[in-house]
Student: 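Structure incoming, see below.
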Protein chains: 2
Amino acid sequence: MPEPTPTPGETKARRRAGRPMAAVLDQDGITAAALELISKKGYDGLTMAALARSLGVAPSALYNHVSSKDEVLKLVEEDLMSKVDFGGFSTLPWEEAVRQWAYSYRGIFARHTPLISVIAVLPVTDAPQTLAMYEAVTEGFLRAGFPEQQIIPSIVALEAYIFGAAFDANAPADIFDSGRLADSTPHFTSAVRSLGPERNNYPSDLAFSMGLDALITGLGALRV
Amino acid sequence: MPEPTPTPGETKARRRAGRPMAAVLDQDGITAAALELISKKGYDGLTMAALARSLGVAPSALYNHVSSKDEVLKLVEEDLMSKVDFGGFSTLPWEEAVRQWAYSYRGIFARHTPLISVIAVLPVTDAPQTLAMYEAVTEGFLRAGFPEQQIIPSIVALEAYIFGAAFDANAPADIFDSGRLADSTPHFTSAVRSLGPERNNYPSDLAFSMGLDALITGLGALRV
DNA sequence: TGAGATAAATGAACGTCATTCATTTATTGG
DNA sequence: CCAATAAATGAATGACGTTCATTTATCTCA
C-alpha cells in the first residue's frame, strides 16, 4: 500500500512540515452554507459564486476544499441522508417502520429533487450516512423475516417509488387540468373531477399513501 | 375574447398580409433534430448551438420557433410520450396492460431521465400525447372496475414508481459496493453479496419487476 | 530567529451556455 | 413594385463553472 488510496470525494490533508494559512473554509462549513442557500434561494440560487459570497470568500477559494460543484451536491446529499428517519426499523413492526421511513425520506427529498438524479446513480461507497441508513433498513427487513436475496431488490423498489413521489410532491395543483382538450379525454377529465368539486385537486399525498400501502402489502408477502 | 389566447408552448402564426421568408425550421424538425442529437451525444450534447448546427442554422434562428430551451425539452417529452405503449388497456386484462405500459414507459424514459424533472411537474394542458395516454389508461382502469376516485391516485402512484425506476435503470452495477466501510454495514453488505457471487449485481430489473407486481396486486385490490 | 515549506485565498482570466436584438433577407399580397 | 411580414443572421450580453499564477498566512525545522 504505497498510498492510503485517497477517497474521490476527499480533499488533501498531508502531514509534513510547515502549516498553512488559517483555514476559513472546510467541507462542513461549505455544506451548511449550501443548505442554507438552497433553503433561501432554491437550487437555482446555488451557484459557486453565491456560495462563496455567503461564506465571505472568493469563488475560487472553494476549490481548495471541493473539487467541483458536483461534490458540493454530494456533500449536501449525505447531510440530508443523515436526517432521514429510519429509527422505526429497530422499534416498530416492519410495516410501520417502512411507512415512517418512506414518509420521512420523501418529505426531505421533495424539497431537494435536483439531487435525486445525482443520488439515484451515486455509488454508496464512502457515503457513510447513506450506508448507515441501508444497514438499518436491511436489519429491519431481516428481523421481519425477509429472505436475504429479496431485501436489496425490495429496498430498491421502495426507493424508486419514494424518489418518484418526491417529484410528484412538487407538482402544481392544476397539473391535470386538461384545458381545451377536455372534450377529447372525457374519462380522464371526469376522473380528475371526481376527486373534488373544483379543479386544483392534485392528489399527491393520497397517491403516495395508496401506492405505499400497495408496496408494503405486496413486498411484505415475500416474508417467509 | 379579444385574442384566441395563444398557448404558451405555441409560437406565432398570424394571418394578415405579405408572407414571410421560406421557413427552413419548424417545431417538428427541431424536435426530430433534438432527439437525434440526444441519442448521439446525450443530454449534455443538447445545446442550442449544437441543435442549430445540426439544422444548418444560426442558434438565434431557433428562437423564432421556440421560446426557450425548456420548450425544446417539452417538445421532446411530448414526442416520447407518443411512443409509450398503452395499447394493452384496450385488449389485455388489466394486470397485463399495466405491466406492458409500465415496462414501455420505464424503458423509454430510462434514456431520458433529465426530462423526468420536467415531466413530473408539467401541466398536461395542451400536451395532447400525454393526455391521450392518460385517457387510455383511465379507460382501462374503468373497464377493470376501479371506482372513479381511485383512478387518478393509482395512476399517479404508478407513474411515480416508473419515474423512480427509470433513474435506477441507469445506476452503475457497483452502486452498492460498500468499499472499505463494509465492516460497519455487515447485514447490508451480506444482503448485497447474496445477490450473486461477485459484486456488480445491481438488481434494477429484478427490483422493478418485484415492485411492479406489488403495486399491481395492491392497487388491483381497490377494484369493486 | 529566521528560512523554507505548505496550503489557503485571491483576482483575473477562459470557455461554454442560453438568450436578446438590431439588421438583413426572402416572400407575398395589394 | 411597394409595403408588410416573418425568418434568419451575427454580434453582443450576462451567467456560470472552473483554472491558474500569484500572494498571504502559518507552522516546522535548522
Side-chain angles (χ1 to χ4, degrees), chain A residues 3 6 8-31 33-34 37-38 41-76 114-115 117-118, chain B residues 3 6 8-31 33-34 37-38 41-76 114-115 117-118:
Chain A
E3 292 269 355
E10 193 177 341
T11 339
K12 51 202 83 169
R14 300 276 160 64
R15 293 293 131 196
R16 211 56 85 73
R19 284 288 170 74
M21 193 168 145
V24 179
L25 294 178
D26 59 14
Q27 291 201 340
D28 284 353
I30 292 175
T31 308
L37 198 50
I38 290 162
K41 312 274 186 180
Y43 276 85
D44 285 351
L46 180 66
T47 67
M48 294 302 270
L51 187 53
R53 190 167 347 110
S54 81
L55 287 159
V57 125
S60 52
L62 295 172
Y63 289 86
N64 286 318
H65 304 269
V66 131
S67 67
S68 65
K69 182 178 180 179
D70 237 62
E71 195 181 343
V72 174
L73 294 181
K74 287 176 195 171
L75 291 171
V76 169
L115 288 183
S117 23
V118 179
Chain B
E3 292 270 355
E10 194 177 341
T11 339
K12 52 201 84 169
R14 300 274 162 65
R15 292 293 132 198
R16 210 56 84 74
R19 283 290 172 70
M21 193 169 146
V24 179
L25 296 177
D26 59 14
Q27 290 200 339
D28 285 353
I30 291 174
T31 307
L37 198 49
I38 289 163
K41 311 275 187 181
Y43 276 85
D44 285 351
L46 181 65
T47 66
M48 294 302 269
L51 186 54
R53 190 168 347 109
S54 81
L55 287 160
V57 126
S60 52
L62 296 171
Y63 289 87
N64 286 317
H65 304 270
V66 133
S67 67
S68 66
K69 182 179 180 180
D70 238 62
E71 195 181 342
V72 175
L73 293 180
K74 287 178 196 170
L75 291 172
V76 169
L115 287 183
S117 22
V118 179

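Just so it is clear: chains get the letters A, B, ... in the order the sequence lines come, proteins before strands, and each one is counted from 1. Side-chain atoms are counted along with the backbone in the values below, which use heavy atoms only and exclude waters and symmetry mates.
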Student: As a test of reading the structure: which of C:dT10, D:dG10, D:dG17 is closest to the side chain of A:Ala61, going by heavy atoms?
Tutor: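 Of C:dT10, D:dG10, D:dG17, C:dT10 is nearest to the side chain of A:Ala61.
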Student: Any chance you could measure B:Asp44, atom CG, to B:Ile38, atom CD1, to the nearest 0.5 Å?
Tutor: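 Reported value, rounded in 0.5 Å steps: 11.0 Å.
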Student: To the closest 0.5 Å, what do you measure between CG (B:Leu25) and CG (B:Asn64)?
Tutor: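 CG of B:Asn64 is found 8.0 Å from CG of B:Leu25.
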Student: Heavy atoms only, 4.0 Å cut-off, all strands: where does B:Leu55 land among base, sugar-phosphate and nothing?
Tutor: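 If one applies the 4.0 Å heavy-atom cut-off, B:Leu55 turns out to touch nothing in the nucleic acid.
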Student: Please give, in whole Å, the distance from C:dA18 P to A:Asp44 CG?
Tutor: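 Going from A:Asp44 (CG) to C:dA18 (P), I get 15 Å.
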Student: Report yes if a side-chain nitrogen or oxygen of B:His65 is closer than 4.0 Å to either non-bridging phosphate oxygen (OP1 or OP2) of D:dA8; otherwise report no.
Tutor: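 B:His65 to D:dA8 OP1/OP2: side-chain N or O found under 4.0 Å.
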Student: Roughly, in whole Å, what's the span from CD in A:Gln27 to C1' in C:dA8?
Tutor: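 My rounded result for the distance is 14 Å.
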Student: Taking CG from A:Leu51 and P from D:dT18, how many angstroms apart are they, rounded to a whole number?
Tutor: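 Atom CG in A:Leu51 sits about 12 Å away from atom P in D:dT18.
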Student: Within this structure, what is the CG-to-P distance between A:Leu25 and C:dA8, rounded to whole angstrom?
Tutor: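 Interatomic distance, CG of A:Leu25 to P of C:dA8: 9 Å.
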Student: Nearest whole angstrom, please: distance from the C1' of C:dC17 to the CG of B:Leu62.
Tutor: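 Computing the B:Leu62:CG to C:dC17:C1' distance gives 14 Å.
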Student: Nearest whole Å is fine: how far is C:dA7 C1' from A:Asp26 CG?
Tutor: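 To the nearest whole Å, that distance equals 14 Å.
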Student: Any side-chain heavy-atom pair from A:Leu62 and A:Leu51 closer than 4.5 angstrom?
Tutor: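 A side-chain contact under 4.5 Å exists here.
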Student: Measure the distance from CG on B:Asn64 to P on C:dT23 and round it to the nearest whole Å.
Tutor: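 Nearest whole value for this atom pair: 17 Å.
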Student: Atom CG of A:Leu37 and atom CG of A:Leu46: how far apart are they, to the nearest 0.5 Å?
Tutor: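 Rounded to the nearest 0.5 Å, the CG-CG separation comes out at 5.5 Å.
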Student: Just compare C:dC21, D:dT18, C:dA8 and give me whichever is closest to any side-chain atom of B:Ser60.
Tutor: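 Nearest nucleotide to the side chain: C:dC21.
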Student: Without decimals, in angstroms, what is the distance between A:Arg53 CZ and D:dG17 P?
Tutor: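 It works out to 11 Å between those atoms.
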